[in-house]
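We name chains A, B, ... by the order of the sequence lines, and we start the count at 1 in each one. FYI, side chains are in, hydrogens and waters are out, and symmetry mates aren't considered; it's all heavy atoms of this structure.
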2 protein chains.
Amino acid sequence: MAEHRTTRHQARAAAIRQIKDEARRQLREDGVHNLSLRGVARSMGFVSSAIYRYFPSRDELLTALIIDAYDALGEAAEQADDPGAPRAQRWARVCRAVRAWALANPAEYMLIYGSPIPGYQAPRDTVGPATRVAKVLTTIAEDAPDSPLSPTLAKQMTDTAAALDSPIAPGAMARVVRAWTQVSGMVSFELFGQFRGAIEPADEFFDAAVADLAEQVGLGS
Amino acid sequence: MAEHRTTRHQARAAAIRQIKDEARRQLREDGVHNLSLRGVARSMGFVSSAIYRYFPSRDELLTALIIDAYDALGEAAEQADDPGAPRAQRWARVCRAVRAWALANPAEYMLIYGSPIPGYQAPRDTVGPATRVAKVLTTIAEDAPDSPLSPTLAKQMTDTAAALDSPIAPGAMARVVRAWTQVSGMVSFELFGQFRGAIEPADEFFDAAVADLAEQVGLGS
DNA sequence: GTCTATAACTGGATAGAC
DNA sequence: GTCTATCCAGTTATAGAC
């Protein structure tokens, strides 16, 4: 009986995986707003109602894809980090890994860092996976020196550091957040076509900026 | 006869304006992908085919909205600039104006700086208006000192400066582009909900970052 | 001549009968 | 689970109003 249950669970997990894979394919092809449960079902050769056994709504499927995207990006960042290396190098490697993942998975990057999906409200479950990249960057900068902040900003940064479970100083946290907005901003510009006709390829631009950011964050050279 | 032509032209311009206003309303309400010519026509009390007298296709309407958005943002930036003020102040004021415009017009900001619209290819006409903000920022930094760049980067930045019709040094151009990616990155993070629950409100975070960026670009204090 | 309205074609999503 | 009728999208051709 336990075996029965196991195979059933495995089958279910496999089905979910297949559905998500197909959904990701449609995401890449036509964008989020053309992603429909029915379309996924059709492409998989079964009837639309069958999919509701696995995802009760389009939003649930979206949430699963968003969590997967955050996790995949987070894992790419974590795996790129080499805790033995100098901190500035760690920073640069992680940032480059983020960009590489985004360029390899543009649709999924847009899903999490692009325009919000109208009518979709992200549930709590996405918060944890969403912080993984920030956590990696913050850990690298954990010993960076503090710097003065206004009271409001100091509180926000202390809270942010606490949410990331990090002993980083508020001033350093602020510099990490700023640097991260720039990294993400550069990746988004590149991916969304803002650099078209001007900064192509953007490899050197990105790498140079990231190296300088490491310094600005206070990771030495 | 000239009078006749004038009124006709005026009527036509008025119709175009009304169509775009209604389209913007729908954009705000339901997002780009729910923007339909039929819906616009319906809300305006006439039949869908009538719109084709003014916009030959949905994409043309989108292009018009995109150009308007770039122009509105560009004008907000230009009007915020006070050529008589110290450069660091000019920089901060323009950046704050950009953020203020984005917060006041989120749908239009997303139209130009959000995820690309699947199936839509921006025509050449959007390039000019798209550079207006960059032009303002570059002008402010025109006298900033040069800094060393790799050959590839130096060429890209020289070309960018040329496209903006600015005598700015390539190294300074690179710092402006970087700073601009960060400004836009911060605005996007705020608008797209990436700061939710952590950096709210983001006024102080933004203002402090922008002030530091002015320094990094090389605008003195 | 310039516009609007009617009607039609294609193609996808959807709801309900079976 | 399947089939069908319906609806709404973009777009076009054509006919008539001003």
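Q26(A) and E22(A) form a side-chain donor-acceptor contact under 3.5 Å, judged by distance and modelled atom types alone.
Regarding contacts with the backbone of dT12(D), every side-chain N or O of Y52(B) stays at 4.0 angstrom or more from both OP1 and OP2.
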Set out, line by line, the N/O atom pairs under 3.5 Å between protein and nucleotides 3-13 of chain C.
from, atom 1, to, atom 2, distance (Å)
dT4(C), OP1, Y54(B), OH, 3.4
dA5(C), OP2, V47(B), N, 3.2
dA5(C), N7, S49(B), OG, 3.4
dT6(C), O4, S49(B), OG, 2.9
dA13(C), OP2, R42(A), NH2, 2.6

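Atom CG in L61(B) sits about 13 Å away from atom C1' in dG10(D), given to the nearest Å. Following rounding to the nearest Å, Y120(B) (OH) and dG10(D) (P) show an atom-to-atom distance of 15 Å.
The closest donor-acceptor contact from the side chain of R90(A) to the backbone of D81(A) lies at 3.5 Å or more, if one exists at all.
Heavy atoms of L37(A) sit nowhere under 4.0 angstrom from any nucleic acid atom.
At least one side-chain heavy atom of Y113(A) sits under 4.5 Å from a side-chain heavy atom of L73(A). R58(B) places none of its side-chain heavy atoms less than 4.5 Å from the side chain of Y120(B). Counting heavy atoms from C-beta outward, R132(A) and E75(A) have side chains that approach closer than 4.5 Å.
When the shell of 6.0 Å around CZ of R28(A) is examined, it contains more than 12 heavy atoms from other residues, nucleotides or ligands.
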